[in-house]
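Comments concern the structure below.
In what follows, every heavy atom counts, from backbone to side chain, and hydrogens, waters and symmetry copies are set aside. Letters go in sequence order (proteins before strands), and every chain restarts at 1.
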Amino acid sequence: MYDKLNSMQREAVFCTEGPLLILAGAGSGKTRVLTHRAVYLIEEKGVNPYNIMAITFTNKAAGEMRERIDRLVGYGSKDIWVSTFHSTCVRILRRYIERLDYDNNFTIYDADDQKTVMKEVCKRLQIDTKLYKEKSFLGVISSAKDELISPEEFTRQAAGDFAKERQAAVYREYQAALRKNNALDFDDLIVKTVELFQNDAQVLDSYQERFRYIMVDEYQDTNTAQFQLIKLLAGKYQNLCVVGDDDQSIYKFRGANIKNILNFEEVYPDARVIKLEQNYRSTKNILNAANMVIANNVGRKSKELWTDNDEGDKIDFQQFDSGSEEAVFIVKDIRNKVREGTCQYGDCAILYRTNAQSRLFEERFVVSGIPYRIVGGVNFYARKEIKDLLAYLKTIDNGRDDLAVRRIINVPKRGIGATTLGRVQEYASEMDMSFYNALKMAEDIPTIKKAGVKIKPFVNFIQTMRSKVEFLSVSQILQEVIEQTGYVAELEAEDTEESRARIENIDELISKAAAYDESNEMPTLSGFLEEVALVADIDNLQEGSDYVVLMTLHSAKGLEFPNVYLAGMEDGMFPSYMTIMSDDPMDIEEERRLCYVGITRAMKNLTITCARQRMVRGETQYNKVSRFVKEIPGNLLGGAVRQQKQEEAGSDEPKKPFRLAGSKVNPIFNTRNVYQNKPYQNTSFASSSTSRISLEYTKGDRVKHNKFGEGTVTQIVEGGRDYEVTVEFDRVGTKKMFASFAKLKKV
DNA sequence: GTTAGAAACAATCCT
DNA sequence: TGTTTCTAAC
């Protein structure tokens with residue numbers, strides 16, 4: 001079995017004791033190494049499968065790994081703990097979180113729930129959410145949690161800084177609200193587990209004993225909390241094998257700390273390092289292109305991927321006039337390839353930077369009747385009808401989750417409105433009880449008169465359901481809820497396209513519940529809710545089905561396709577504005593790594609496309625070819641460059657309302673153009689609706705910003721196409737901004 | 001208390 | 001452009 005591995009892979013498999021870092025380039029067979037390693041541990045080293053743990057980031061990756069181990073090993077593989085970070089933590093917390101003063105049947109809040117909680121928190125603290133967005137507080141809190149900074153610690157660090165002190169207050173209040181609802185958010189799952197391990201030596205020891213051999217996939221994506229978690233678990237036996245690729249680190253925004261992989265050898269001085277540099281996935285052309293792009297990054301671990309595969313076709317590069325032409329081309333191209341018999345729909349993937357780009361493709365696929373599937377966007381479990389029904393299940397399962405109760409108290413309409421709810425809430429807070437318990441006593445609440453009559457049937461219903469939980473399966477409970485509330489009946493009466501789609505979703509939820517009942521030995525409501533809370537869209541991607549998949553570059557990590565389309569390769573789209581504008585040069589590097597990830601998804605054919613003109617949020621943008629495309633040497637690119645067409649378009653295009661400031665070309669955009677003999681002229685990427693940039697204010701003037709209020713201009717720097725204005729605001733301090741975005745008014 | 005239509009607003013990527 | 005929030009009228 002091990003003969004099929006190359007020497008480096010074999011070395012990694014055989015190195016079982018002590019810390020090991022495997023630097024595995026894209027397509028170098030790292031899952032193969034991990035699975036073989038598990039098998040080797042069991043069969044050759046006599047390790048009990050029960051003592052092995054493999055951790056991944058998505059359920060899909062976990063499922064794949066489990067499947068592959070199953071295939072390799074005769075028996076016992078079931079006992080290996082193969083799971084995601086988040087499910088692992090939930091499993092541990094379900095058992096022990098009461099030691100941190102939570103109920104073991106806690107609920108897990110998604111982004112929507114978090115926002116609802118945050119809204120209330122802001123209201124309570126009298127924070128104007130026009131000035132300070134809920135989302136920004138949630139972002140601050142999430143980053144703090146990623147770094148294992150507690151509300152108390154945050155408060156300490158905030159001392160003296162007014163804005164930070166406010167964030168600290170919000171953080172404290174938010175955390176208190178979660179605890180009161182017996183709920184954890186996604187970040188808490190990790191944080192609380194670390195907390196548990198740090199506070200309870202006994203629990204930690206029992207897991208250290210259990211997980212004597214630990215393997216972590218995609219290690220470059222771990223954040224500080226996850227790093228700490230692993231460090232604690234591996235603390236006793238130190239048999240820790242991490243696999244990752246610093247060139248594929250693309251999750252800084254959710255706290256991933258690239259230092260975890262770069263400094264692995266410092267944290268674990270005895271660590272062995274093995275590099276896997278042979279790529280088995282892509283053609284030479286594709287791999288070379290990827291290498292050339294990523295070579296522009298500094299500060300990476302040195303490694304060069306190579307392959308024995310054929311040279312393959314050139315990379316097809318096409319530029320179009322608009323986003324819709326781009327979509328037409330790609331869909332046609334797929335159809336042609338399938339007709340020719342070169343590939344199947346299931347071999348094709350369209351990758352883009354933002355979810356919004358999927359719409360144009362979807363339109364074309366619908367028209368052409370080609371089967372497709374979009375990964376991402378609105379999560380199935382985030383849809384209104386699904387969340388409503390799940391809120392019923394949550395209420396039945398855990399009466400302490402105020403959010404769930406409030407969501408459904410008036411769904412379907414029971415004639416219970418904001419006023420009544422406010423009064424119930426008031427009473428609940430006064431008596432320090434949960435919202436649901438206050439509802440139970442509605443008739444005794446003095447401020448509530450007639451409304452009590454409307455509340456009673458709801459409470460009765462929930463109580464009845466609770467008494468039935470023991471002898472009904474999850475799907476039966478769900479169906480009874482649907483029946484009794486008349487939820488589907490109402491939708492049927494509506495009889496619109498939308499309502500029919502909702503019913504379809506509900507049917508799917510029922511079958512998911514039924515599937516859960518069947519696949520579990522001890523199905524419980526909490527168990528189902530937990531499973532549901534942790535699925536990502538990508539987890540549902542079925543291998544072997546014949547449809548084109550559309551997804552973001554982020555979702556595509558870890559996947560491979562014979563035929564890949566990288567769409568929307570334009571400066572401003574990819575790399576995104578945010579990173580182009582950022583003053584941190586590392587941001588563009590992360591974007592470049594994302595491009596590297598995209599290119600290396602392709603096995604045989606890679607097509608790169610872009611559009612000159614694109615509608616973004618109702619405004620037309622004029623974008624240039626992505627700088628990343630220009631980093632690919634011309635000899636690797638093929639395809640009609642459509643030079644003539646571009647020139648025609650140049651004269652057809654309406655004159656841009658403004659020209660580059662001082663006719664200077666921004667050095668960023670003056671990259672050498674490798675595949676064209678003529679540089680772009682006259683293109684700018686700001687929207688056409690912005691009129692020629694001339695500022696109505698100068699240094700020293702008083703200006704007004706519609707969010708930050710009034711301030712004084714302290715500096716104006718001329719950029720290529722815009723002005724970077726520095727303003728000292730009276731209320732929020734000094735900010736740097738681009739004039740065309742800031743919309744500053746002189747006062 | 002409910003609803004429809006208007007206005008405001010949004011600025012990536014995700015477990 | 002698409003979605004969420006606000007407002008006014010029923």
Among B:dC13, B:dC14, B:dT2, the nucleotide that comes nearest once only the side chain of A:Asn410 is considered
B:dT2
Which part of the nucleic acid, if any, lies within contact of [X], taking any heavy atom under 4.0 Å across all strands shown: a base, the sugar-phosphate backbone alone, or nothing?
X: A:Thr84; value: nothing
X: A:Lys252; value: nothing
X: A:Lys454; value: nothing
X: A:Thr579; value: nothing
X: A:Lys115; value: sugar-phosphate
X: A:Phe57; value: sugar-phosphate
X: A:Thr552; value: sugar-phosphate
X: A:Asn59; value: nothing
X: A:Gly618; value: base

Would you say whether A:Tyr251 stacks on B:dC13? The test is a distance between ring centres of less than 5.5 Å and an angle between planes of less than 30°.
no
Going by atom types alone, do A:Glu590 and A:Tyr251 pair a side-chain donor with an acceptor below 3.5 Å?
no
For A:Tyr109 and A:Asp401, does a side-chain donor sit closer than 3.5 Å to a side-chain acceptor?
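On atom types as modelled, these side chains qualify, holding a pair under 3.5 Å.
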Parallel under 30°, tilted from 30 to 60°, perpendicular over 60°: which one fits the rings of A:Phe137 and A:Tyr132?
tilted
Does A:Asn223 have a side-chain nitrogen or oxygen under 4.0 Å from the phosphate oxygens OP1 or OP2 of B:dT15?
no
Strictly below 4.0 Å: does A:Lys384 bring a side-chain N or O up to OP1 or OP2 of C:dT4?
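No.
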Considering only NZ, NE, NH1 and NH2 on the basic side and carboxylate oxygens on the acidic side, decide whether A:Lys145 and A:Asp185 come within less than 4.0 Å.
yes
Using atom P of each nucleotide, how far apart are B:dC13 and C:dT4 to the nearest Å?
14 Å
Please report, rounded to the nearest Å, how far the C1' atom of B:dC14 is from the NZ atom of A:Lys145.
16 Å
A:Leu541 side chain near A:Lys60 side chain, heavy-atom distance below 4.5 Å:
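Heavy-atom side-chain distance check passes, below 4.5 Å.
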5'-most contact on DNA chain B: A:Met578 or A:Gln114, nearest heavy atom basis?
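Result: A:Met578.
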